[in-house]
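Notes follow the structure.
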Protein chains: 2
Amino acid sequence: MTTITLKDVAERANVSIATVDRVLHERAGVSARARQRVKEAIHDLGFGQLPVRLTRAARGKLRFLFLMPGLETEFVRNLYDGLKKARTIVPDVEIQIEVQRVSLADGKGIIAALEHVGPDRFNGVGVFAVDAPGVRQAIDETVDRGVPVVTLVSDVPLSRRAHFVGIDNVAAGRTAGRLMGKFLRGVSGSIGLVTGNQHMRDHVERHMGFRQIIGMDYRGLKMLPPVEGESMDARNRSIVIDLMRDHGDLAGIYSIGAGNGGIITAIEEMQPARRPVVILHELTRQTRKALAAGAVDAIIVQDTGHMTRSIVRLLSSLAFSEEHHDDQEKIRIEIFLAENDL
Amino acid sequence: MTTITLKDVAERANVSIATVDRVLHERAGVSARARQRVKEAIHDLGFGQLPVRLTRAARGKLRFLFLMPGLETEFVRNLYDGLKKARTIVPDVEIQIEVQRVSLADGKGIIAALEHVGPDRFNGVGVFAVDAPGVRQAIDETVDRGVPVVTLVSDVPLSRRAHFVGIDNVAAGRTAGRLMGKFLRGVSGSIGLVTGNQHMRDHVERHMGFRQIIGMDYRGLKMLPPVEGESMDARNRSIVIDLMRDHGDLAGIYSIGAGNGGIITAIEEMQPARRPVVILHELTRQTRKALAAGAVDAIIVQDTGHMTRSIVRLLSSLAFSEEHHDDQEKIRIEIFLAENDL
DNA sequence: CTGAAAGCGCTTACAG
DNA sequence: CTGAAAGCGCTTACAG
């Protein structure tokens, strides 16, 4: 592999070496035309062939846009914090991160936000996606404009996003189902299902996975119809109170979405003779505390620190057309009991 | 921060710039005396102040030594494979890894191997340690000679090793205990404990953690005295056959070490009316297969890929006196069911 | 906004 | 094994 020099680029672009240098370092005082010619010349000669010290300098800054849910749960806040910390995860590159909040009720917020995203403004986009009509196309158009897209937490599998950073939610639901079955070994009774809503692909998938396992292997357990609490504490609380009132044989509760504070409170208030087995998702202050206190049996987790480091690494390697380490970027479905939540 | 130049180093060392260049790139044709003077000059001026492109060049190669158990279980083989893959995890640095096998029966193998380790031969050492007499001192002397040491899987906490890459094994035992208790909700019976041997700190700690939880919270479960199988399939097989013969109420088996093939085989052969709950450690071909087949209930895992990437990153940042990302290097105690082993 | 030229730092080729 | 010198590539300072 031969490294190209500023001289090569200068000759091809018909400008002086000094001008090439200015463009590569994004210094002021270059006409749009000259800048354009230099960029084309570099493109023709191959960006990756530039000497490391110069590409490092040229890299200088990367700007990433993240589209995140407007509904700010603690899980989402943990993702924000993770993104902030992850800015230093790629050596020698200064990464700027802009977070924009969009409604996940339908895809309109995402579609509108992506419309204005071009390579002039961002080197990559991370999307906490909802798989609604038009979103796939908006992602593909962003990619066509030259901005790589990586989905986060919730995928749009048929789009041309470069990667998905998150867990297999069907498998996560199956994991919850298996745990529930094993914790309720030999028990007969009903299982209450509390979900966010049916727009959210991850919730639907978890529900599906859970249903598969319980239906297949645990005939003694009857699943009640899922109730939508919109991931809100207040609604979840009253849902669980109703569940416990109406079903004397309630043996377990699987909470698919957020708003787990409401679920924990409801059980505390009702003080049932035998607490139902509770399995829920994501570590937050409340769920951790409940786990430590023995008020919850297990928590299924996707590590927000890992996910945010991963998406920043992936967007960076996409921006530089570099390889990435597949093993390292795989997000695992983790199971936490009080004893391994350190 | 001012970067020092070859000229600065050359003046201080009283040699020519060309000689400094040769030393920094480890090119041949430099007298030991000149090399020594240059190294001292760089040391005085501050290694970290060298320009990046030169330190990158000077970095060129890093050589790490890994002391690994002579007994080659699949877990240990997975660590080898992980080390091989991890050689490319640090950008722009060529990493050479030498693996040396030592007996873990006592500390002698480790002590002997560390004796010959100096900064001329290695830039860092990873030790799968046994906490035996003399090992702590051997590690400290290696550190004093200027070679950073990181322990892997099994720690020597009172030594001056820079980091420990592995899990908290007491917590891992507690996690196993909690799972066992929850899987045996309301059941009375005995629990069989199969361990490797009592020299291994990690085994002792897991045992301790398991005992804490069962003793505290699950009075219906009686723990039988632990039996040492030396992590060998054959011995573990006969241990489990004896356990099942002698204890009609055997409700669970916790396997603390390796040799799990023997445990799985024994249960298959005995065909008990109700299989005891089985919890064991580490994903291998055999344990995975047994998990998928439902012959095992849960596996406690420390991710060998994560651990090996972590130790290579840590040794590299120690060699370059660079910062590391603490969050990223924390090894988690993972729980695998068939459903989240993807 | 641009380039010719001087400067700086590292590398290479050669002479001893 | 060593250094003086030429060379290469990037950067800076200046003139227009």
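To find a chain, count down the sequence lines: A is the first, B the second, and so on, and within it residues start at 1.
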Legend entry - Short side-chain N/O contact from A:Thr19 to OP1 or OP2 of C:dG3, under 4.0 Å: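 Checking A:Thr19 against C:dG3: at least one side-chain N or O falls below 4.0 Å of OP1 or OP2.
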Legend entry - Contact under 4.0 Å: B:Ser31 side-chain N or O vs D:dT2 OP1/OP2: yes
In whole angstroms, how far is the [atom2] atom of [N] from the [atom1] atom of [X]?
X       : N      : atom1 : atom2 : result
B:Asn14 : D:dT2  : CG    : P     : 13 Å
A:Leu6  : D:dC8  : CG    : P     : 15 Å
B:Arg35 : D:dC1  : CZ    : P     : 9 Å
B:Glu11 : C:dC8  : CD    : C1'   : 14 Å
A:Ile17 : D:dG9  : CD1   : C1'   : 8 Å
B:Asp8  : C:dC10 : CG    : P     : 9 Å
B:Lys7  : D:dA4  : NZ    : C1'   : 15 Å

Inset, instruction - Please check if atom CD in B:Gln137 has more than 12 non-hydrogen atoms from other residues, nucleotides or ligands closer than 6.0 Å. - result: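 At most 12 heavy atoms, drawn from other residues, nucleotides or ligands, come within 6.0 Å of this atom.
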Legend entry - N-O pairing of B:Arg136 and B:Asp140 below 4.0 Å: yes
Legend entry - Strand partner of D:dA13, provided both Watson-Crick or wobble distances fall under 3.5 Å: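 D:dA13 is unpaired by these criteria.
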Inset, instruction - Counting Watson-Crick and G-U wobble pairs only, both distances under 3.5 Å, name the nucleotide matched with C:dA4, or none. - result: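 In the structure as shown, C:dA4 has no Watson-Crick or wobble partner.
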Inset, instruction - Side chain of A:Arg22 only, please: which of D:dT2, C:dG9, C:dT2 is the nearest? - result: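 In terms of side-chain proximity for A:Arg22, the closest of D:dT2, C:dG9, C:dT2 is C:dT2.
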Legend entry - Nucleotide nearest B:Ala18 (side chain, heavy atoms from C-beta), chosen from C:dT2, D:dG3, D:dC10: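 The closest nucleotide is D:dG3.
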Inset, instruction - Find out whether A:Val153 and A:Leu79 are in side-chain contact, i.e. whether some heavy atom of one side chain is under 4.5 Å from a heavy atom of the other. - result: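 Heavy-atom side-chain distance check passes, below 4.5 Å.
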Legend entry - Main-chain N/O of A:Asp327 paired with B:Lys85 side-chain donor or acceptor, under 3.5 Å: no
